[in-house]
Amino acid sequence: MRVVITGNMGYIGPVLIEHLRSVHPGIELIGHDSGYFAHCLTNASCLPEVHLSAQHFGDIRDISPDLFKGIDSVVHLAAISNDPMGNRFEAVTEAINFQASRRVAELARNHGARSFVFASSCSMYGSAEGGPRKEGDPLNPLTAYARSKVAMEEALASMDLGDMVVTALRFATACGMSPRLRLDLVLNDFVACALTSGEITVLSDGSPWRPLIDVKDMCRAIDWAIHRDPDDGGQLVRVNTGSDDWNYQVKDLALAVQQAIPGTSVSINKDAPPDKRSYRVDFELYRRLAPGHQPQVTLDQAIRELKSGLEGMGFADKDFRNSGYMRLKMLESHMRGGRMSDDLRWG
Ligand SMILES: NC(=O)c1ccc[n+]([C@@H]2O[C@H](COP(=O)([O-])OP(=O)(O)OC[C@H]3O[C@@H](n4cnc5c(N)ncnc54)[C@H](O)[C@@H]3O)[C@@H](O)[C@H]2O)c1
């Protein structure tokens with residue numbers, strides 16, 4: 001089986017490669033990435049891409065149809081992947097996450113891919129009062145990033161899919177260790193705060209709801225979606241991907257980290273303006289469709305793996321919120337260094 005993974009050199013991609021290689025030893029994996037964060041390795045024993053059959057460097061805005069010859073599946077991870085980057089590079093976010101992404105899906109279809117997996121996001125629920133959001137509930141995307149994910153899902157829904165089985169995995173917020181660890185994710189940030197300064201500073205009042213999923217469990221879901229039978233849910237499925245017990249309030253995450261790393265203090269910004277992004281999510285559909293690929297990692301395990309990963313790196317940078325562990329800071333540093341233009345193309 002031949003699978004193209006776009007955006008494989010980010011946070012999730014290396015964990016996905018490891019997962020697919022171990023579960024499907026004969027699988028042919030081909031990476032395609034522009035390499036924004038390629039050098040941001042964290043405690044990796046080797047370059048994660050050595051486990052690929054081939055690595056292509058390039059921008060999906062110019063992706064060559066040749067890449068899709070003979071493919072069985074495309075896992076589309078490449079994106080401007082969070083709100084801070086989306087806010088800073090709004091037009092580029094639309095160009096990559098929607099326009100270029102739609103073309104990737106069309107090329108996959110044109111080349112006879114059996115499946116297309118789109119890394120979507122629960123952030124499209126935005127601000128959702130009331131009960132946990134189901135897939136059919138109204139969307140309320142509050143940011144350029146969330147809007148781009150909605151636009152791509154709509155494009156998939158209106159596209160002639162041919163015979164391609166399409167799954168939009170609406171992921172909860174990721175957390176957990178990766179060979180390209182990022183710290184602009186709430187749980188990862190809290191663990192890094194606890195280890196470096198002994199104090200977790202919650203930037204909001206701690207009340208927003210934020211469903212989480214460990215990166216290893218995201219990879220289990222992608223594996224399911226690559227191989228999904230269209231009888232399970234239909235040719236196109238949009239599915240919240242995570243588990244009901246991982247709907248947390250931000251303050252509960254801080255307290256869980258405090259419990260796992262004794263001596264940590266937690267300061268909550270009671271005067272912060274309310275964070276509008278707050279949503280609980282219903283994961284019943286995913287439970288029904290993918291009983292064999294349900295999340296397995298516990299919150300405590302995710303925290304412990306982050307702790308040992310960061311300790312293994314000798315991580316001690318108290319000012320990491322201003323460092324290259326934050327994706328936006330890394331892009332800005334490429335631009336300051338004259339390596340990248342403001343439309344995020346290598347110069
Ligand atoms: N991390 C999360 O919390 C989360 C949650 C929900 C969904 N997702 C989605 O999962 C996917 C992967 O997330 P991640 O955390 O690994 O993100 P990441 O930012 O760490 O990695 C994205 C990768 O895409 C590449 N890329 C970006 N623009 C590109 C372009 N124009 N051409 C080629 N490559 C390009 C980058 O170089 C990077 O390696 C994204 O689509 C993201 O939106 C992530």
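All figures in this text were calculated on a predicted structure; none of them were measured in a lab. Both ligands and their constituent atoms are indexed starting at 1 by order of listing. Count residues from 1 along the sequence.
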**Prompt:** Is a salt bridge present between Arg327 and Asp184, judged by a nitrogen-to-oxygen distance below 4.0 Å?
**Reply:** yes

I'd like the atom pairs linking ligand 1 to the protein - N or O on both sides, separation under 3.5 Å - with distances to 0.1 Å.
residue, atom, partner, partner atom, Å
ligand 1, 3 (O), Ala174, N, 2.8
ligand 1, 15 (O), Arg327, NH1, 2.9
ligand 1, 16 (O), Tyr11, N, 3.2
ligand 1, 16 (O), Ile12, N, 2.9
ligand 1, 17 (O), Ser81, OG, 3.2
ligand 1, 17 (O), Arg327, NH1, 3.3
ligand 1, 19 (O), Ser81, OG, 2.6
ligand 1, 20 (O), Tyr11, N, 2.9
ligand 1, 20 (O), Arg327, NH1, 3.0
ligand 1, 31 (N), Asp59, OD1, 2.9
ligand 1, 32 (N), Ile60, N, 2.8
ligand 1, 34 (N), Ser34, N, 3.2
ligand 1, 34 (N), Ser34, OG, 3.2
ligand 1, 37 (O), Asp33, OD1, 2.6
ligand 1, 37 (O), Ser34, OG, 3.4
ligand 1, 37 (O), Tyr36, N, 3.2
ligand 1, 39 (O), Met9, O, 3.3
ligand 1, 39 (O), Gly10, N, 3.2
ligand 1, 39 (O), Asp33, OD1, 3.1
ligand 1, 39 (O), Asp33, OD2, 2.7
ligand 1, 41 (O), Leu77, O, 2.8
ligand 1, 41 (O), Lys149, NZ, 2.9
ligand 1, 43 (O), Tyr145, OH, 2.6
ligand 1, 43 (O), Lys149, NZ, 3.0

**Request:** Under the ring-ring contact (aromatic ring centres under 6.0 Å, His included) rule, collect the residues that match up with Phe283, sequence neighbours excluded.
**Result:** none

**Complete:** By side-chain hydrogen bond (donor to acceptor under 3.5 Å, both in side chains), Ser178 pairs with (sequence neighbours left out) none

**Request:** Would you kindly confirm whether Met152 and Val4 end up in one hydrophobic cluster when ILVMFWY residues are joined by side chain heavy atoms under 4.5 Å apart?
**Result:** yes

**Message:** Measuring centre to centre across the rings, with the benzene-like ring taken for any Trp, is Tyr11 within less than 6.0 Å of Phe37?
**Reply:** no

**Request:** Under 4.5 Å between side-chain heavy atoms, chaining through other members, with only Ile, Leu, Val, Met, Phe, Trp and Tyr counted: pull out the rest of the cluster around Leu203, sorted by chain and number.
**Result:** none

